[in-house]
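These numbers come from a predicted model, not from an experiment.
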Amino acid sequence: MTPKGVTLNTNSHKIKFARRFIRTLLKMRKNAPSSSSIEEIRKRSQRIKIAAYSSMAHAVGSRRAWSRAILFKLRNRARHHGMMRRRSMKKRVIKNDPPGDQSQTNKLRQLVPGGKAMDMCSLLEETAHYIRSLSTQVKVMQTIADHFSK
């Protein structure tokens, strides 16, 4: 159920994502510190997460609002990373809002990158594409993990 003129070739997205993600992982491995402290492991897992999102957003390109939102966020993070002083490590407090406070649509808008500025039809279309992309991301990462665990 894709709009007219829009084709979704998941194999090309999968290949683009895999190439870019593996290239980023290899760079990370080359620059990896020798220590394996808990803090270094946490930082490394955060970098892998960012690399996965960035690779998927680049593989999809700027055709989708969610990929543009991720790329914009990552560019801003990189820009401000050098300028900002390190914040002290504070524990995050997760608020559990009562169930009646938010509509299902607003919850969905918060989950999909760039979803806050979309109408309902666009939001559902972007959500479907985002879920397919996340599924592809998981499959590729699982394949990589299976390959290197042998």
Side-chain angles (χ1 to χ4, degrees), residues 1-3 5-82 84 86-87 89-97 102 104-118 120-150:
M1 188 168 137
T2 56
V6 176
T7 58
L8 181 65
N9 186 349
T10 55
N11 285 333
S12 69
H13 290 311
K14 192 182 290 190
I15 291 168
K16 287 179 186 178
F17 166 72
R19 284 183 182 155
R20 188 173 192 104
F21 185 60
I22 290 172
R23 199 175 326 131
T24 305
L25 289 177
L26 290 173
K27 283 182 190 176
M28 287 172 48
R29 186 171 146 200
K30 191 184 335 181
N31 300 332
S34 59
S35 69
S36 293
S37 68
I38 293 173
E39 183 63 24
E40 286 299 323
I41 292 171
R42 187 190 66 74
K43 285 180 183 178
R44 195 174 323 136
S45 66
Q46 183 66 22
R47 276 184 249 144
I48 291 169
K49 179 181 171 183
I50 290 170
Y53 277 121
S54 174
S55 298
M56 184 52 74
H58 279 287
V60 171
S62 62
R63 293 181 305 263
R64 292 293 183 172
W66 67 263
S67 64
R68 288 191 304 269
I70 288 176
L71 293 172
F72 180 76
K73 184 177 181 178
L74 292 174
R75 269 193 300 268
N76 281 345
R77 178 182 288 176
R79 226 179 267 147
H80 294 297
H81 183 63
M84 292 176 57
R86 288 193 163 258
R87 290 187 251 170
M89 296 295 288
K90 294 180 183 177
K91 290 187 178 181
R92 291 184 183 179
V93 177
I94 299 173
K95 287 173 59 175
N96 289 327
D97 293 331
Q102 287 184 314
Q104 296 291 336
T105 306
N106 287 336
K107 287 179 184 178
L108 189 58
R109 286 182 200 284
Q110 290 177 349
L111 289 174
V112 177
K116 292 178 183 170
M118 291 182 212
M120 185 61 167
C121 184
S122 299
L123 178 64
L124 292 175
E125 187 178 324
E126 288 292 322
T127 301
H129 190 272
Y130 184 57
I131 290 170
R132 283 193 304 268
S133 296
L134 289 175
S135 175
T136 300
Q137 183 180 6
V138 168
K139 288 174 188 171
V140 169
M141 292 173 82
Q142 185 65 51
T143 303
I144 292 169
D146 290 344
H147 178 76
F148 286 107
S149 67
K150 291 180 182 178

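- Annotation: the span from I70 atom CD1 to S54 atom OG amounts to 9.0 Å, rounded to 0.5 Å.
- Not counting sequence neighbours, the partners of R23 by the side chain to side chain contact (heavy atoms under 4.5 Å, CB included) test are R19.
- Take S133 and apply the side chain to side chain contact (heavy atoms under 4.5 Å, CB included) test, not counting sequence neighbours, and it matches M56, V60, W66, H129.
- The ring-ring contact (aromatic ring centres under 6.0 Å, His included) test applied to Y53 returns no partner, not counting sequence neighbours.
- Look at R44 and E39 and you find no salt bridge, because none of the NZ, NE, NH1 or NH2 atoms lies under 4.0 Å from a carboxylate O.
- In this structure, T136 OG1 and H13 NE2 are separated by 8.0 Å, a value rounded to the nearest 0.5 Å.
- Every residue meeting the side chain to side chain contact (heavy atoms under 4.5 Å, CB included) condition with I131, not counting sequence neighbours, appears here in chain and number order: T127.
- Across all their heavy atoms, Y130 and L111 have their closest contact at CE2-O, 4.0 Å.
- Rounding to the nearest 0.5 Å places CZ of R20 at 4.0 Å from NE2 of H58.
- Annotation: side chain to side chain contact (heavy atoms under 4.5 Å, CB included) contacts of L26 (sequence neighbours excluded): I22, R29.
- Sorted by first then second residue, the ring-ring contact (aromatic ring centres under 6.0 Å, His included) pairs that include residues 15-49, not counting sequence neighbours, are F17-F21.
- Here the side chain of R109 pairs a donor or acceptor atom with the backbone of M118 at under 3.5 angstrom.
- The side chain to side chain donor-acceptor pair (under 3.5 Å) pairs that include a residue from residues 137-146 are Q142-D146, where partners are two or more places apart or lie in different chains.
- Within the 3.5 Å criterion, the main-chain N or O of A145 finds a donor-acceptor partner in the side chain of S149.
- Annotation for A69 and G114: closest pair CB-N, 3.4 Å, computed over non-hydrogen atoms.
- Looking only at side-chain heavy atoms (C-beta outward), S55 and T24 come within less than 4.5 Å of each other.
- Between the CE atom in M141 and the CG atom in L25 there is a gap of 7.5 Å [rounded to 0.5 Å].
- Under a 3.5 Å cut-off, the side chain of S67 and the backbone N or O of G61 do form a donor-acceptor pair.
- Taken to the nearest 0.5 Å, the CG atom of L71 stands 10.0 Å off from the CZ atom of R68.
- Atom CD in E126 sits 5.0 Å away from atom CZ in R64 (nearest 0.5 Å).
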